[in-house]
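Scroll down for the structure; my scribbles are underneath it.
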Protein chains: 2
Amino acid sequence: MQRPQTVAEQVANVLRESIADGSLAAGTPLRQDDLAERFGFSRMPVRDALRQLEAEGIVSIHPTKGAHVARMDATEIREIFAVRALLESEALRLSVPNLAKDTLDEAGHVLKQIDAEPNVGRWGTLNRAFHLALYSACGNARLLGLIEAHHNAADRYVRVLLSNLNYRSRSQSEHWDILTTCRHRDAEAAVRLLKRHLGEGVKTLVEAGLAGKS
Amino acid sequence: MQRPQTVAEQVANVLRESIADGSLAAGTPLRQDDLAERFGFSRMPVRDALRQLEAEGIVSIHPTKGAHVARMDATEIREIFAVRALLESEALRLSVPNLAKDTLDEAGHVLKQIDAEPNVGRWGTLNRAFHLALYSACGNARLLGLIEAHHNAADRYVRVLLSNLNYRSRSQSEHWDILTTCRHRDAEAAVRLLKRHLGEGVKTLVEAGLAGKS
DNA sequence: TTCTGGATACTCGTATACGGGAATACAGAT
DNA sequence: ATCTGTATTCCCGTATACGAGTATCCAGAA
């Protein structure tokens, strides 16, 4: 970006990460005064940050009632994953023929990191990095942006998934399979595996009963 | 919505419409002071509105440099339409089997209105209403939201298209064809027509040389 | 004439201040 | 004891104020 980093952006980044890693649970009210005091800034940049996060769909704002961490029910999770499947399938289909060998190696390296990483907190980040690497050659910046946004929106739920060891090992083997088909330049097979991969994720999530009751 | 209407939202709505109908051309700088004075409010709600519109992709904000109406080049237009084709095809595919007869009739009514409407300014709105009506039964609110957002982003370019009488009559006949296939519950045929419809649009746009040079 | 350096003006980001509406809690009546 | 009405408190939306960074413009030198 190389742009002057504004306070609002810093606040947004910290909040986003706090929400993603679960420090701020779904439904938590986000009082402007509290946050301003906690960060040591005034309410204005906090307001900007909250608006930013609202646009990303991870917080909800109601006029006069304030902001709270967005609460997702099973329906919304299903919707997000349906959209992800649609967007990421297309991105992968477009990307596979153009994937540089370096990028494929990089994706493989990320997978090895996941296998070796003991810190649960970093799995989410690495998981995202792997997926985005595969799509990076799709040639449509806006599509990539949408995909990233939906990763942000779903991240804290995915991280719950990843903390389940069973799911994680299955997810990893699916990742390796996808990477292999990409190396073989078999886009359609890769897309099939990706769709199944995402389908397994949402199924596990919904079965785990992570739906909010609000 | 039924929520308290905040000043920032009003400002955002007015600005959005002004940008869509061309009153504010691409690249136009949006000075916070000017807008605040023009609307008769302070800069704060204007800031909120600009942030909102930035999230929608209609304006760009650079810290310390200010906001301006987003400028799109041919590449971005192609990207937007590629994403639209992807999103709207899926929405239509999901929606067709569930479309109530009332909704189909409503869509037909909108098309008749377009045929009868002499005011160029309203075509854009009606055009959008037709498309959204067809997707309304897709059962995925988030998908619909994304589609609407992309309509907003592309609206001012589409309106330029629609002011071309040749394009408009062709577009209308394509609309009628799509509606007919929907009535026959032939989702795949409808999707094919829709893709061609959007493809014609982007082709006409790019040929017309509407690309910005920024 | 052209290029450079500095001063001025402009605009944004952030801080502080104020007014209003919603939620809550308490008191009084049934 | 419970319900209702009122008052208080909290919080957000909006307004005003201030400091900083950038761009512009003019003057002076090459």
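Here is how names work: the chains are called A, B, and so on, in the same order as the sequence lines, proteins then strands, and each is numbered from 1.
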Specify the separation, in whole Å, of atom CZ of B/Arg43 and atom P of C/dC12. 6 Å

Interatomic distance, A/Asp48 CG vs D/dC12 C1' [rounded to whole Å]: 15 Å

A/Arg51 meets the side chain to side chain donor-acceptor pair (under 3.5 Å) criterion, sequence neighbours left out, with none

Name the closest nucleotide to the B/Thr6 side chain, picking from D/dG13, C/dG13, C/dA23. D/dG13

Could you check how far CZ of A/Arg51 sits from P of C/dG13, rounded to whole Å? 15 Å

Take atom CE of B/Met44 and atom P of D/dT14, then tell me their distance rounded to the nearest Å. 11 Å

What residues 27-42 of chain B contributes to the DNA chain C interface at heavy-atom separation below 4.0 Å is B/Leu30, B/Arg31, B/Gln32

So, using salt bridge (charged side-chain N to carboxylate O under 4.0 Å, His left out) as the criterion, who are the partners of B/Arg93 when residues are at least two apart? B/Glu90, B/Glu188

CD1 of B/Ile61 versus P of C/dG13: gap in Å, rounded? 7 Å

What integer distance in Å separates B/His62:NE2 from C/dG13:C1'? 13 Å

Could I get the full list of salt bridge (charged side-chain N to carboxylate O under 4.0 Å, His left out) partners for B/Glu148, not counting sequence neighbours? none

If only atom types and distance count, is the side chain of B/Trp123 paired as donor or acceptor with the main-chain N or O of B/Arg159 below 3.5 Å? no

With sequence neighbours excluded, residues passing salt bridge (charged side-chain N to carboxylate O under 4.0 Å, His left out) with A/Arg84: A/Glu88

The side chain of A/Pro45 is closest to which nucleotide in this list: D/dT14, D/dT22, C/dT14? C/dT14

Which nucleotide in the set C/dG13, D/dA23, C/dT16 lies at the smallest distance from any side-chain heavy atom of B/Pro63? C/dG13

Answer yes or no: does a side-chain N or O of A/Arg47 lie under 4.0 Å from OP1 or OP2 of D/dG13? yes

Pair listing, salt bridge (charged side-chain N to carboxylate O under 4.0 Å, His left out) test, anchored in residues 26-40 of chain B, at least two apart: B/Asp33-B/Arg43

